[in-house]
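Shown next, in structure tokens, is the structure this report addresses.
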Amino acid sequence: MAGNYTFVDALERNSRAIGGALALVQGRRLRTYRDLDRRANQIGHAYLELGLKRGERIALALTNGIEFVECTYGGWKDALVSVPINYRFMDAELIHVLDNSDSVGVVLEDQFLETFERIRSQLPKIRFMLVVGKTPSDPSRQIFNFADFTMRQPEGKPRLPWPEQTNEDTGYNIYTGGTTGLPKGISYGEKAMLKTAVEGLSSFVPGLLRRAARDEAGNLPGGRITRQLLQAPATAKSLQWMLEHAPLGNNSLLPRWVQGRVRALVVSPMMHSVGWGVSHALTKMGGTVYILEGKSYNPEEAYAMIRDHRINFLAAIGDSTLKPLLHVLDERGAAPIQHLTTIGSVGMPAAAEVKERLLKTHLPGSTFVDVLGGSEITGISFQIYTARDKVFNKVTFPVSDRNLIINPETGVPVKPGEVGELARRTSVPPQGYYKDPEKTAKLIRQFNGQTWLMSGDLAQLDDNGETFTFVGRGSECVNTGGEKVYPDEVETVIKKLAGVEMVGVTATPDEKYGELVTAVIKLEPGVQLSSEDVIAHCKDKIAGYKRPRKVIFVDEFPTTLIGKPHYKGLRELAKRVKAEEAGPPSAAVRPTAGGTAGGLAG
């Protein structure tokens with residue numbers, strides 16, 4: 001029997017307890033919990049027929065869809081590890097991830113088959129490919145049509161010649177952007193995934209109680225006495241203790257209550273932590289996950305699903321998903337939506353005007369949760385907004401008893417006004433980066449007998465000692481449409497272009513994507529290059545979202561005292577160029593000796 005904290009154990013319990021309840025909805029395609037369990041069994045049998053063994057890894061190159069969730073659960077039926085693949089990666093990135101993860105098979109969509117066929121000779125560990133779509137099976141090449149191969153399998157639970165999934169087994173191995181240019185795979189044990197989420201929530205209980213005590217709506221029952229009770233440290237400590245010591249193993253009580261009540265629309269990619277986490281956590285709890293039919297985000301479709309299916313939770317990626325949705329709501333003059341009660345925004349910021357207009361005009365009953373976190377450190381801090389708020393551009397986030405700004409050399413919390421590294425104190429760390437002990441040692445640190453997860457983000461503790469403000473990211477990553485791009489990787493590619501003397505990659509603010517990848521380049525004397533030359537050089541070397549969308553050529557390159565790119569100066573330069581481009585013709589940026597400044601890459 002699988003461990004009582006595992007996802008697969010929860011699915012099997014849900015199949016028995018709420019088997020007829022909806023687990024997944026994608027257009028007209030529906031999966032009840034009983035259906036999902038049977039499909040997971042069939043996929044588990046298929047993996048066994050293909051020769052997979054306990055602990056082996058199966059890569060998933062899939063867009064958001066029912067198959068993504070089915071294949072993950074199917075792997076867990078056999079105690080396998082799923083490896084979500086960023087389908088935007090280019091050949092070299094895919095080869096690195098597939099090889100580094102030790103994946104032995106791939107489940108992919110028709111549209112990606114040509115790419116995987118092209119690189120397969122460089123992937124000796126890959127034994128087979130299961131293709132979702134119309135591609136016919138070709139056993140001679142170990143290519144199998146997903147539907148044909150899995151639907152003929154038994155619907156009963158696979159009988160394994162090894163132990164089932166345990167609470168300590170790796171739940172997933174998801175690859176995140178790397179400061180050295182190569183994605184790195186973070187792994188969490190099944191029990192640790194749940195425990196770390198509860199731990200993170202528990203740490204914010206005091207702040208949530210203080211917010212409730214402010215009673216800005218004037219609806220606090222009990223008045224002054226209740227307010228004093230909420231503000232009392234003993235109240236927070238008691239609630240934290242109960243939350244952290246609650247029996248969190250799988251049971252049928254929570255799913256029986258959740259079924260039909262929690263209806264979540266997931267528009268963030270399932271290949272990333274947010275989409276993956278919401279999709280699988282909700283099916284573990286007994287909720288219903290709604291998935292767009294289209295291969296890419298369509299705000300019109302999202303609005304129709306929210307309206308027609310009475311969605312009450314939206315998993316979004318900041319402005320990249322919410323701004324287009326706001327535009328649709330404005331255009332339609334839609335009546336306020338009362339049933340959408342919670343918006344969880346992760347991955348990139350949402351502009352103040354977007355939050356304010358959504359809450360005050362279209363979603364007056366919603367709670368907007370702005371979450372800071374990552375694959376390694378889930379939900380490290382968050383800000384909550386409602387229609388009653390007056391300020392929607394909060395630039396600070398609260399610290400807690402676990403999430404603090406510390407001195408990265410000593411582990412001692414910084415004093416108000418000082419800068420340190422944002423970190424979480426934890427009792428349930430991840431397993432680390434797969435096959436990368438050096439980076440794992442930087443992520444998981446021991447100070448004074450305590451375990452800390454280091455975010456790599458520099459932050460300043462505000463004078464009040466309760467909130468912090470970001471100062472910068474260790475490698476000045478660019479957040480473009482929710483995808484994180486690290487300068488080192490892009491710079492390494494551009495440096496190989498003949499004629500480039502210095503290059504620094506930074507961000508230009510952008511309404512649609514949040515930030516645009518921007519390359520600031522100083523050319524060697526006498527060299528002439530255009531923005532198009534730089535973009536063309538990057539093509540096929542790095543994923544499309546990592547390529548520069550703007551190129552700024554300069555005669556004087558901003559550097560630090562030791563000659564490295566001055567990233568703060570680069571960001572200021574990019575902002576200045578944007579402002580000048582938006583000004584009157586007389587203020588337009590002029591070409592420099594190196595070429596055309598501020599060229600926009602298509």
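Computation of the quantities below employed the complete heavy-atom set of this structure, encompassing side-chain atoms and omitting hydrogens, waters and symmetry-equivalent molecules.
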Practice problem: Measure from NZ or CZ of Arg152 to the centre of the six-membered ring of Phe149, then state whether that distance is under 6.0 Å and the direction lies within 45° of the axis. | Solution: yes
Practice problem: Evaluate whether atom NZ of Lys125 has more than 12 neighbouring non-hydrogen atoms of other residues, nucleotides or ligands under 6.0 angstrom away. | Solution: yes
Practice problem: Evaluate the criterion side chain to side chain contact (heavy atoms under 4.5 Å, CB included) for residue pair Leu113 and Met129; output intermediate values, then yes/no. | Solution: CA-CA 9 Å; Leu113 181 58; Met129 293 191 287; 4.0 Å; yes
Quiz item: Counting N and O atoms only, with roles assigned by atom type, does the side chain of Ser187 sit under 3.5 Å from a partner on the main chain of Asn173, one being a donor and the other an acceptor?
Solution: no
Self-check item: CA sep, side-chain torsions, deciding dist, call: Lys157, Glu164, salt bridge (Lys or Arg N to Asp or Glu O under 4.0 Å)
Solution: CA-CA 11 Å; Lys157 183 175 178 177; Glu164 293 185 42; 3.0 Å; yes
Quiz prompt | Side-chain donor/acceptor of Gln42 to backbone N/O of Met151, under 3.5 Å | solution = yes
Self-check item: Side chains of Leu52 and Asp78 in contact at under 4.5 Å (non-hydrogen atoms)
Solution: no
Quiz item: Under a 4.5 Å cut-off applied to non-hydrogen side-chain atoms, are Val81 and Arg57 in contact?
Solution: yes
Exercise. Considering non-hydrogen atoms only, spot the tightest contact between Pro139 and Ser137 and give its length.
Key: CD-C, 3.8 Å
Quiz item: Do Lys435 side-chain atoms and Asn100 backbone N/O form a donor-acceptor pair below 3.5 Å?
Solution: yes
Exercise. Go through the steps to decide whether Ile143 and Arg120 satisfy the test side chain to side chain contact (heavy atoms under 4.5 Å, CB included), and finish with yes or no.
Key: CA-CA 12 Å; Ile143 293 176; Arg120 192 168 182 181; 3.9 Å; yes
Quiz item: Just by distance, with hydrogens left out, do Thr518 and Thr508 show a side-chain donor and acceptor under 3.5 Å apart?
Solution: yes
Quiz item: Under 6.0 Å from the NZ atom of Lys541, do we count more than 12 heavy atoms belonging to anything else shown?
Solution: yes
Quiz prompt | Candidates Val25, Leu30, Leu282 - the one meeting side-chain contact (heavy atoms from CB on, under 4.5 Å) with Thr288 | solution = Val25
Quiz item: Can you find a heavy atom in the side chain of Tyr33 that is under 4.5 Å from one in the side chain of Pro255?
Solution: no
Quiz item: Hey, is the main chain of Glu56 close enough, under 3.5 Å, to the side chain of Asp102 for a donor-acceptor pair?
Solution: no
Practice problem: Specify whether Trp276 and Tyr172 have parallel, tilted or perpendicular ring planes, treating 30° as the upper limit for parallel and 60° as the lower limit for perpendicular. | Solution: tilted
Quiz item: Hey, is the main chain of Glu515 close enough, under 3.5 Å, to the side chain of Thr480 for a donor-acceptor pair?
Solution: yes
Quiz prompt | Side-chain heavy atoms of Thr63 within contact of Tyr87, under 4.5 Å | solution = yes
Practice problem: Check whether any side-chain heavy atom of Gln446 sits under 4.5 Å from a side-chain heavy atom of Thr451, and report yes or no. | Solution: yes
Quiz prompt | Spatial distance of atom CG (Leu36) from atom CZ (Arg31) [nearest 0.5 Å] | solution = 8.5 Å
Quiz item: Nearest 0.5 Å, what's the CZ-CD distance between Phe116 and Glu109?
Solution: 10.5 Å
Practice problem: Check Lys284 against Asn250 and note the closest heavy-atom contact, atom names and distance. | Solution: CE-OD1, 3.2 Å
Quiz prompt | Heavy-atom side-chain contact between Leu60 and Met271 under 4.5 Å | solution = no
Quiz item: Taking the inter-plane angle between the rings of Tyr73 and His280 on a 0 to 90° scale, is it parallel (under 30°), tilted (30 to 60°) or perpendicular (over 60°)?
Solution: tilted
Exercise. Please report the C-alpha distance between Phe68 and Ser279 in whole Å, then the side-chain angles of each, then the deciding distance to 0.1 Å, and finally whether the side chain to side chain contact (heavy atoms under 4.5 Å, CB included) criterion is met.
Key: CA-CA 10 Å; Phe68 196 115; Ser279 302; over 6 Å; no
Quiz prompt | SB check Lys77 Glu12 (cutoff 4.0 Å) | solution = yes
Quiz item: If only atom types and distance count, is the side chain of Asp37 paired as donor or acceptor with the main-chain N or O of Leu11 below 3.5 Å?
Solution: no
Quiz item: What are the two closest heavy atoms between Val505 and Tyr567, and how far apart are they?
Solution: O-CE2, 3.6 Å
Exercise. With the side chain counted from C-beta on, respond yes when Val428 and Lys191 share a heavy-atom pair under 4.5 Å apart, and no when they do not.
Key: no
Exercise. Identify the heavy atoms of Leu123 and Leu98 that sit nearest to each other, and give their distance.
Key: CD1-CD1, 3.6 Å
Exercise. Would you verify whether the NZ or CZ of Lys184 falls within 45 degrees of the ring axis of Tyr433 while also being under 6.0 Å from that six-membered ring's centre?
Key: yes
Quiz prompt | Value rounded to 0.5 Å, distance of CG in Asn403 from CZ in Phe382 | solution = 9.5 Å
Quiz item: Which pair of heavy atoms, one from Asp110 and one from Gly133, lies closest together, and at what distance?
Solution: OD2-CA, 3.0 Å
Quiz item: What's the spacing between Ile174 CD1 and Ile186 CD1 if we round to 0.5 Å?
Solution: 10.5 Å
Quiz item: Hey, is the main chain of Phe7 close enough, under 3.5 Å, to the side chain of Glu190 for a donor-acceptor pair?
Solution: yes
Quiz prompt | Minimum-distance pair of heavy atoms, taken over all atoms of Gly482 and Ile317 | solution = CA-CG2, 3.6 Å
Practice problem: Step by step, work out the side chain to side chain contact (heavy atoms under 4.5 Å, CB included) result for Leu292 and Asn64. | Solution: CA-CA 8 Å; Leu292 300 179; Asn64 285 13; over 6 Å; no
Quiz item: Between CZ of Phe128 and CD of Glu49, what distance do you get to the nearest 0.5 Å?
Solution: 11.0 Å
Quiz prompt | N/O donor-acceptor pair under 3.5 Å between Asn14 side chain and Thr283 backbone | solution = yes
Quiz item: Are the side chain of Lys546 and the backbone of Val490 linked by a donor-acceptor contact shorter than 3.5 Å?
Solution: no
Quiz prompt | Flag for Arg39-Thr150: side-chain donor and acceptor within less than 3.5 Å | solution = yes
Quiz item: Is there side-chain contact between Glu293 and Met305, with heavy atoms separated by less than 4.5 Å?
Solution: no
Quiz item: Side chain of Asp169, backbone of Thr166: donor and acceptor closer than 3.5 Å?
Solution: yes
Practice problem: Go through the side-chain N and O atoms of Asn145 and Thr135 and say whether any donor and acceptor fall under 3.5 Å apart. | Solution: no
Quiz item: Atom CG of Leu160 and atom CZ of Arg54: how far apart are they, to the nearest 0.5 Å?
Solution: 8.5 Å
